[in-house]
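See structure below.
The model shown is predicted, which means the values in this text are computed figures rather than measured ones.
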Amino acid sequence: VGDLAETMSQNMSISAQGYVPIQTPCYDGPAEQEADVGRALELSPSNLATLEEKVNLTPPAHDQGKAVAQYGMGNKFRTGSGVGKDAVEAVRLYRLAADQGDAVAQYKLGNQYRTGSGVDKDTVEAVRWYRLAADQGDADAQLNLGYRYAKGEGVGKDAAEAVRWYRLAADQGHAGAQCNLGNQYRTGSGVDKDAVEAVRWYRLAADQGDAVAQYNLGVCYDNGTGVGKDAVKAVRWYRLAADQGDAVAQLNLGNQYRTGSGVDKDAVEAVRWYRLASDQGDAVAQCNLGNQYRTGSGVDKDAVEAVRWYRLAADQGDAVAQLNLGNQYRTGSGVDKDAVEAVRWYRLAADQGDAVAQYNLGVCYDNGTGVGKDAVKAVRWYRLAADQGDAVAQLNLGNQYRTGSGVDKDAVEAVRWYRLAADQGDAVAQYNLGVCYDNGTGVGKDAVKAVRWYRLAADQGHAGAQCWICL
C-alpha cells in the first residue's frame, strides 16, 4: 500500500471561481447588488408628470402669492429651465407654496432638506415636510416617509410604520410603494413574512413598468419564491427590467443566456448583457465579463482584457473578482507573474470570507509562495475554508493533522477531515481515506471499507487508487 497522497496540498487546484448566478433573492434598488429599500424610487414618474404640468404656469404669477405658481417657478429654478439654476431660490419658492398647504411643494421641500440642496441638509426637517404632504394623501411623500421609517432617517426606525405609509401610497397605485411593500412582505419586516403577498405587490408595480419590481418578480420566478419556479417567466421579467437599463437585471439576463436557463444558451448574448451591466459599474457583471474573456466564451480569448474587468470589479470590493485577479497574478496570465500581488488579492477576498481565496491563501503559506512559509497560518486559512465546506481545504487540513504540520499530529482528526471531503466526492480524499482504513490509521483497520473508498477514487480516475485496484 502506498503513502498518503499529497498532491492537493502542493497545488492550487482551484483556480478561477465560477459565476455568481443570482446575487440576491431580491434587491431594492437598481445598480446595486443589495440596494436600499426605495432608494431609487424617491423621485417617482407620477411626481415628475405633476412637475411638468405645474412648470408651464407663467412666471409673473408667483409674485401674486399663488401656491401652484410658486411651486412651478420653484421647479424652474431647481432645474434651470428658462432661468438660471438656483437651488436657494427654488427652496424659497417651494417654502412659500408649502406654507400655504400645497402638498406637492411640501414634498419637494422635504426633498431639498433630505439632499441638502439650497438649504442645510436636515433629515428631521425633511421628515416634517414629508409628513405634512403625506397627511394630505400625497403618494410620493407617503413613499418617502415610509422609507425614512424603514431606514430610521430623521425619525426612529419603525418597520411597521414604514409598512403603513407604503401601503397608503401603494393603495393609490404608486408603483414604487407597491414594490417596497412587496419587499416588506418578502423579508417579513413590519409585517408577517408572506412570499405570495410579496409577489402580488411586485406584480402590481411590474405591470406599471417599474423596473425594480420587474427584476424582483424575475428573481421570484427564478427561485420559485411565492410562485411556481419558471425560468421562462424569469427571463421575461428580467428582460423587461434590463431593457429599461436595470444593471442587475442585465447581469441576471446574461446569466440566463450563459446557462441556457429559460432561453437558448448563447454565450455571445450573455456577453452583450454582461457588458451593458458592466458599463454601468456592476461589479458582478464585470467579474463575469472577465470570466468570458478568460475562457474565450462568447468573445475572443483575451487574458489582458480579463484582468482589466477583474480589476474593475475587484477595486469595488467584489471578493470573487479579487480571487480571480489573484489567480491571474499567480499564473502570470494577462499580467506579469507576481506571487506577492497574488497573495494581496487573495487576502482581500479571504478577509471577506471567500472560501476559495482562503484555501489559496493557505496554500501560499503552506508552500511559502509570495509570503513567508508558515504552517500555522496555512492551517488557519485551510480551516476557515474547510468550515465553509470547501472539499479541497478539508483534504489539506486532514493532511496537516496527519503530518502534524502547523497543528498537533492527530490521525483521528485527519480521518474526520478526509471523510468530509470524500463525502463531497473529492477523489484524493477518497484515496487517502482508503489508505487510512487499509493501514488502520486514525480508524479501525477495515479492508472492505478501504476497497470501497479506493474504488470511488479510481472511478474518478485517481491513478494511485486504480493502481491499487489492479493489484
Side-chain angles (χ1 to χ4, degrees), residues 19-45 143 147 150 166 170 173-187 189 194-259 261-263 269-270 272-289 313 316 318:
Y19 300 83
V20 181
I22 304 295
Q23 273 306 99
T24 56
C26 293
Y27 86 122
D28 306 315
E32 293 186 25
Q33 293 179 25
E34 185 68 55
D36 292 332
V37 176
R39 182 186 61 77
L41 303 173
E42 293 176 2
L43 289 178
S44 68
L143 166 67
Y147 179 76
Y166 285 154
H174 193 293
Q178 290 169 339
C179 180
N180 283 6
L181 188 54
N183 287 333
Q184 302 297 106
Y185 275 106
R186 176 180 59 83
T187 60
S189 178
D194 188 333
V196 173
E197 189 68 1
V199 166
R200 185 174 80 84
W201 286 108
Y202 286 150
R203 193 181 304 279
L204 286 169
D207 286 341
Q208 292 191 65
D210 186 275
V212 178
Q214 290 169 340
Y215 166 79
N216 283 1
L217 194 52
V219 175
C220 289
Y221 276 109
D222 217 352
N223 295 339
T225 304
V227 69
K229 197 167 184 175
D230 190 325
V232 174
K233 287 184 180 176
V235 166
R236 173 178 173 259
W237 289 110
Y238 286 152
R239 191 182 306 279
L240 286 169
D243 284 341
Q244 292 192 64
D246 186 282
V248 186
Q250 291 169 340
L251 161 67
N252 279 11
L253 190 54
N255 287 333
Q256 303 296 100
Y257 275 107
R258 181 180 58 80
T259 60
S261 177
V263 69
E269 192 67 1
R272 185 173 80 85
W273 287 109
Y274 286 153
R275 194 179 304 279
L276 286 169
S278 295
D279 287 342
Q280 293 192 63
D282 186 278
V284 180
Q286 291 169 340
C287 179
N288 284 5
L289 189 54
Q316 293 190 64
D318 186 273

Open item on the list: Restricting to salt bridge (Lys or Arg N to Asp or Glu O under 4.0 Å), what partner residues turn up for R236, sequence neighbours left out?
Closed with: none

- [ ] Provide the full list of salt bridge (charged side-chain N to carboxylate O under 4.0 Å, His left out) pairs with a residue in residues 195-204, sequence neighbours left out, each pair given once.
- [x] E197-R200

Task: Beyond-backbone contact of L143 with N180, side-chain heavy atoms, under 4.5 angstrom - done: yes

TODO: Provide the closest heavy-atom pair for A277 versus A247 in the form atom of the first, atom of the second, distance.
DONE: CB-O, 3.3 Å

Open item on the list: Looking at every non-hydrogen atom in both residues, tell me the closest pair between Q208 and H174 and how far apart they are.
Closed with: NE2-C, 4.4 Å

Task: Contacts of S189 that satisfy side chain to side chain contact (heavy atoms under 4.5 Å, CB included) - sequence neighbours left out - done: A159, Q184, T187

- [ ] For V219 and T225, run side chain to side chain contact (heavy atoms under 4.5 Å, CB included): C-alpha distance rounded to whole Å, both residues' side-chain angles, the deciding distance at 0.1 Å, then the answer.
- [x] CA-CA 8 Å; V219 175; T225 304; over 6 Å; no

Task: Distance in Å, D246 CG paired with N216 CG, rounded so as to fall on 0.5 Å steps - done: 9.0 Å

TODO: Nearest 0.5 Å please: distance from the CG atom of L251 over to the CG atom of L289.
DONE: 11.0 Å

Task: Partner set under side chain to side chain contact (heavy atoms under 4.5 Å, CB included) for A242, not counting sequence neighbours - done: A249, Q250, L253, W273

Task: Short side-chain donor-acceptor distance under 3.5 Å, N183 and Y166 - done: no

- [ ] Report the distance from atom SG of C179 to atom CZ of R186, rounding to the nearest 0.5 Å.
- [x] 9.0 Å

- [ ] Mind listing the closest non-hydrogen atom pair of G182 and A198 along with its distance?
- [x] O-CB, 3.3 Å

